[in-house]
S.K.: 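Sharing a structure below in structure tokens format, with a few things to ask.
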Amino acid sequence: MGVFNHPEFDHHDSVHYFEDPASGLKAIIAIHSTALGPAAGGCRRWTYASDDLALTDVLRLSRGMTFKNAIAELPFGGGKAVILASEHAPKSTALFEAFGRAVDSLGGRYITAEDVGISVDDMRTVGSETRFVSGLPQRGTGAGGDPSPWTALGVFRGIEAAAAVRLGLDTLEGITVAVQGVGHVGVHLCRHLHEAGARLVVADVNKGNLKRLCEQVPADVVSPRDILFSNADVLAPCALGNVLNSETIPRIRARIVAGAANNQLASVEDGARLTDRGILYAPDYVINAGGVISVAYEYLGNSTEERVRSEVCRIPGRLRQIFADAESSARPTNVVADELARNIVEQGGQSGETNRSTADRRIA
Ligand code: NAD
């Protein structure tokens with residue numbers, strides 16, 4: 001598949017391929033937009049069935065970061081990296097050092113952090129080769145460290161907002177939430193939901209992660225095949241993307257879909273499919289921005305945990321605005337969010353020197 005004519009290309013600024021035979025590194029870094037500042041977005045390590053699928057994933061994730069950073073009012077553009085996992089390229093210090101050199105070679109146009117399959121320790125190794133990295137161990141009360149608890153907090157507060165709008169509830173007490181994937185974000189989300197009195201239905205393909213969750217909070221475990229169609233008030237996809245599509249949407253029973261996973265909709269049209277079924281969808285890159293808010297404030301420096309918390313707690317307000325605009329204009333929530341994000345990028349691109357210079361100063 002070509003790059004320029006790829007259906008997900010969407011005017012990317014640049015796409016970079018890296019290979020390091022010594023460590024086995026194969027990686028793609030996609031920079032979708034630098035209109036609002038250097039492109040910021042995590043690095044995913046995943047086993048892809050083909051290089052084409054890795055390219056599709058990184059392009060979609062990278063554009064999502066442009067939209068996510070714009071709506072979260074961060075002085076960053078959108079980019080993303082994927083490391084192609086294989087038995088020939090196991091996780092190693094050499095692999096992450098090579099990835100760090102790849103990031104460094106872009107001179108600060110792309111700033112990396114954790115995503116699926118990457119730990120804080122991995123990022124620390126990346127940081128030995130480049131300063132264009134965030135999500136590093138926290139120092140004192142400063143912002144930083146694993147972004148997933150912040151992502152989970154934003155998703156939790158977003159579920160509260162969605163429940164208020166769609167179910168007329170001012171508490172999650174007694175409602176049922178089906179959580180697909182109890183990894184880094186899912187486990188923290190489940191704890192918040194449990195503390196709020198919600199009942200949990202969970203599934204994961206990783207038995208170790210399921211066991212860890214069940215040791216912490218009570219939850220009904222169902223098979224990964226059934227979780228999307230659980231008898232629940234809220235469905236929270238917290239695993240991988242493309243789970244909302246023409247096959248799955250007709251069978252979803254929840255009235256709200258609100259979770260952490262990136263690219264939950266397989267296509268833009270799937271937003272309308274959810275709306276037609278009366279399901280309120282919280283656009284993924286709006287509700288899951290807590291993590292990037294944390295890594296962004298860490299990267300910019302001089303930020304405290306309290307500042308990050310207050311920024312993450314603006315997520316429910318943004319969602320309520322999108323829900324209201326979608327309702328009044330009779331459009332799907334994803335369409336409203338995409339339009340809002342594109343407008344912010346366009347305006348920032350024309351007059352965004354202030355934004356851009358904030359992050360560029362940090363790079364200089
Ligand atoms: P993770 O890898 O720690 O957890 C994902 C979990 O999903 C794992 O336990 C995995 O076994 C499980 N899983 C995979 N396929 C599954 C399936 N078919 N059914 C059920 N479970 C399945 O990743 P994470 O950091 O928790 O991120 C989860 C999602 O949220 C990803 O889509 C990620 O891109 C997105 N996200 C994460 C952050 C963050 O701060 N970590 C921020 C924004 C978005």
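When reading the values below, keep in mind they use all heavy atoms of this one structure, side chains included, and skip hydrogens, waters and symmetry mates. What you are looking at is a predicted structure, and each value in this text was computed from that prediction instead of being measured. Whatever order the structure lists them in is the order used to number ligands and atoms, beginning at 1.
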S.K.: Ignoring hydrogens and angles, state whether a donor on the side chain of Asn334 or Tyr281 is under 3.5 Å from an acceptor on the partner side chain.
M.R.: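 No, Tyr281 and Asn334 have no side-chain donor paired with an acceptor closer than 3.5 Å.
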S.K.: Answer yes or no: is there an ion pair linking Glu73 with Arg318, defined by an N-O contact shorter than 4.0 Å?
M.R.: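 Yes, this pair counts.
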S.K.: Quick one: ligand 1 N/O to protein N/O pairs below 3.5 Å?
M.R.:
unit_1   : atom_1 : unit_2 : atom_2 : d
ligand 1 : 3 (O)  : His184 : N      : 2.9
ligand 1 : 3 (O)  : His184 : ND1    : 2.6
ligand 1 : 9 (O)  : Asp204 : OD1    : 3.2
ligand 1 : 9 (O)  : Asp204 : OD2    : 2.6
ligand 1 : 9 (O)  : Asn209 : ND2    : 2.7
ligand 1 : 11 (O) : Asp204 : OD1    : 2.6
ligand 1 : 26 (O) : His184 : N      : 3.1
ligand 1 : 26 (O) : Val185 : N      : 2.8
ligand 1 : 30 (O) : Ala260 : O      : 3.3
ligand 1 : 32 (O) : Ala239 : O      : 2.7
ligand 1 : 32 (O) : Asn262 : N      : 3.3
ligand 1 : 34 (O) : Arg44  : NH2    : 2.9
ligand 1 : 34 (O) : Asp115 : OD1    : 3.0
ligand 1 : 34 (O) : Asn262 : ND2    : 2.8
ligand 1 : 40 (O) : Thr151 : OG1    : 2.6

S.K.: So, using side-chain contact (heavy atoms from CB on, under 4.5 Å) as the criterion, who are the partners of Pro149 when residues are at least two apart?
M.R.: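 Partners of Pro149 under the side-chain contact (heavy atoms from CB on, under 4.5 Å) test: Asp146, His188.
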S.K.: Just jot down the side-chain contact (heavy atoms from CB on, under 4.5 Å) partners of Asp270, sequence neighbours excluded, or say none.
M.R.: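 Partners of Asp270 by the side-chain contact (heavy atoms from CB on, under 4.5 Å) criterion, ordered by chain and then number, come out as Asn245, Ile249, Leu265, Ala266, Ser267, Arg273.
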S.K.: Any sub-3.5 Å donor-acceptor pair from Thr34's side-chain atoms to Gly37's backbone N or O?
M.R.: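 No.
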S.K.: Which pairs, with at least one residue in residues 208-265 and sequence neighbours excluded, count as a ring pair (Phe, Tyr, Trp, His ring centres under 6.0 Å)?
M.R.: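 Those involving residues 208-265 do not exist here.
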